[in-house]
Every structure is written in C-alpha cells, then in structure tokens.
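Note: hydrogens, waters and symmetry copies are ignored here, and every other heavy atom, side chains too, is used.
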Amino acid sequence: MAEQSQLNNLTITIIILCFTFQSLSSAAESHLTIDFYSKSCLKFLDIIRETITNKQISTPTTAAATLRLFFHDCFPNGCDASVLVSSTTFNTAKRDSSINLSLPGDGFDVVIRAKTALELACPNTVSCSDTIAVAVRDLLVTVAVALKKACSNYKNDPTISVFNDVMTPNKFDNMYLQTNSII
C-alpha cells in the first residue's frame, strides 16, 4: 500500500512538472516576424538584397548553391548556421564532414559576403542563421521572378530554348508558370 501511495505521489509530481514546463515554454515562445530587424538593423534587407543580386549576376548558380547550403544546415538539427563553422585541430565541423564536402563554394561565399556587410553596418546584431534564411528566400524569389518574366511569352517565342524540346515541341513542361502564381 505504501508503494502504491509513493507511485501516486510520483505520478502527480510528474504531471505538475509537465504542466509547469509547458506553461514556461509557452511563455517564452518566440514569435517570428518579417520585420524583426527593422529597428536594430535598418538596412538589413537592403544589404542582403544588394549582396545576393551582385553575386547572382556574377555567378548564376548562386541561388541553387545557397539553397543546398540551407538544406544541409536546417534539416539535420534545425537552422543554426553550424554549416558555416570551420573545423579546428581538435574538432571536425559540420562543414567538413564527408556528406558536406560537395557543398558549392558559391553558397558559402554569398552568405559570408552578406554577413560581413551586415556586421559592418550593424555589429553583433544579425544572426548567421537569419542571414542564410533571408538570403535563400530572396535568391529564390529573384530567380523565380526572372524565370517567370523570361518565360512569359513562351507560346509566341520559339527562340526560348527550354521550349524547343524534341519530344514536346512548343510546350513548356512546367505548367505552374502558366498560371497566376503568387510570385
């Protein structure tokens, strides 16, 4: 009987602790906002856009490289920018693990350029993970808008090479660009 009483007390204690931790975690819950840096780093978005635009123009594979870098950073353990950390003599970083050795340098380059520009404008303010996330977002929007504009007249312009497919002439395989998308 005494064992049953101790078990009940332990169960009640565990339940109380769970509710306490749940209420504490919801009180400390973060709310993501698009304008998070609007007061602490006024030129945040301008710096990111300028950096990614210059890099994408000079190296058209930048968007794909940065997206791949973002996936390798975020999917294993969350978006913590750990893929940017360099190895030391005593520790092999995520960046240098065998699965990440094939990550393209253009992705690292654009993020490091953006982060450096942000540090010069707003020292110790913008996180590396935010830099990667916003750079990827803006790069993908830039490429999507350019692609939509370039392909807007595909039915009347036979010079667009993607539409000169031998199997399906004059037909664009990606039908999503034909609709009014959100971009």
Side-chain angles (χ1 to χ4, degrees), residues 17-151 176-177 181-183:
L17 283 174
C18 288
F19 282 122
T20 303
F21 286 129
Q22 182 180 7
S23 65
L24 288 176
S25 66
S26 63
E29 184 178 304
S30 297
H31 296 284
L32 300 177
T33 61
I34 294 173
D35 63 343
F36 183 79
Y37 293 109
S38 64
K39 292 180 181 161
S40 58
C41 187
L42 300 176
K43 295 186 178 190
F44 171 66
L45 292 175
D46 295 331
I47 291 170
I48 294 279
R49 286 188 189 122
E50 181 181 347
T51 305
I52 64 152
T53 301
N54 292 338
K55 181 66 177 171
Q56 183 66 28
I57 288 170
S58 67
T59 313
T61 59
T62 299
T66 311
L67 178 62
R68 187 163 173 232
L69 181 71
F70 183 71
F71 282 135
H72 277 254
D73 181 50
C74 291
F75 280 126
N77 295 316
C79 302
D80 58 1
S82 60
V83 77
L84 297 176
V85 176
S86 298
S87 295
T88 65
T89 308
F90 307 106
N91 182 30
T92 301
K94 184 176 175 180
R95 176 182 194 158
D96 297 321
S97 67
S98 60
I99 196 165
N100 290 331
L101 289 178
S102 65
L103 289 175
D106 293 330
F108 289 105
D109 186 48
V110 74
V111 172
I112 290 168
R113 285 181 189 205
K115 182 61 177 159
T116 302
L118 287 166
E119 281 300 313
L120 291 172
C122 313
N124 302 317
T125 303
V126 180
S127 73
C128 291
S129 56
D130 287 346
T131 304
I132 295 174
V134 174
V136 168
R137 179 199 68 190
D138 288 358
L139 275 164
L140 293 178
V141 168
T142 301
V143 170
V145 168
L147 182 61
K148 186 171 182 173
K149 185 185 287 186
C151 299
Y176 121 93
L177 284 174
S181 63
I182 60 171
I183 299 174

| By disulfide (SG to SG under 2.5 Å), which residues pair with Cys128, not counting sequence neighbours? |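 With neighbours one apart ignored, the set is empty.
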Below 4.5 Å, heavy atoms only, C-beta onward: do [X] and [Y] meet side chain to side chain?
| X | Y | value |
| --- | --- | --- |
| Leu139 | Thr62 | yes |
| Leu84 | Thr131 | no |
| Leu118 | Cys41 | yes |

Whether [X] side chain and [Y] backbone form a donor-acceptor pair below 3.5 Å:
| X | Y | result |
| --- | --- | --- |
| Gln56 | Val143 | no |
| Ser87 | Ala93 | yes |
| Ser127 | Asp130 | yes |

| Between Thr88 and Asn91, do the side chains contain an N or O donor and an N or O acceptor separated by less than 3.5 Å? |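 Side chains of Thr88 and Asn91: no pair found under 3.5 Å.
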| Any chance the side chains of Lys94 and Ser82 put a donor and an acceptor closer than 3.5 Å? |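 Side chains of Lys94 and Ser82: pair found under 3.5 Å.
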| task | Please test Val83 against Leu69 for side chain to side chain contact (heavy atoms under 4.5 Å, CB included), starting from the C-alpha separation and ending with a verdict. | result | CA-CA 8 Å; Val83 77; Leu69 181 71; 3.6 Å; yes
| said: Could you work out, with ring-ring contact (aromatic ring centres under 6.0 Å, His included) as the rule, every residue matching Phe75, not counting sequence neighbours? | reply: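 By the ring-ring contact (aromatic ring centres under 6.0 Å, His included) rule, Phe75 matches Phe71.
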[atom2] on [Y] to [atom1] on [X], rounded to 0.5 Å:
| X | Y | atom1 | atom2 | answer |
| --- | --- | --- | --- | --- |
| Leu140 | Ile52 | CG | CD1 | 9.0 Å |
| Thr66 | Asp138 | OG1 | CG | 11.0 Å |
| Ile48 | Arg113 | CD1 | CZ | 13.5 Å |
| Asp106 | Lys55 | CG | NZ | 4.0 Å |
| Thr116 | Ile47 | OG1 | CD1 | 11.0 Å |

| task | Test side chain to side chain contact (heavy atoms under 4.5 Å, CB included) on Arg68 and Ser102 and set out the steps. | result | CA-CA 10 Å; Arg68 187 163 173 232; Ser102 65; 2.7 Å; yes
| field | Flag if over 12 foreign heavy atoms under 6.0 Å of CG, Leu120 | value |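 Yes, the 6.0 Å shell around CG holds more than 12 heavy atoms from other groups.
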What heavy-atom pair brings [X] and [Y] nearest, and what distance separates the two atoms?
| X | Y | result |
| --- | --- | --- |
| Ser129 | Cys79 | CB-O, 3.6 Å |
| His72 | Leu103 | CD2-CD2, 3.5 Å |
| Val126 | Glu119 | O-OE2, 4.1 Å |

| said: Can you pull out every ring-ring contact (aromatic ring centres under 6.0 Å, His included) where at least one residue sits in residues 35-63? Sequence neighbours excluded, please. | reply: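 Applying ring-ring contact (aromatic ring centres under 6.0 Å, His included) to every pair that reaches into residues 35-63, excluding sequence neighbours, yields Tyr37-Phe44.
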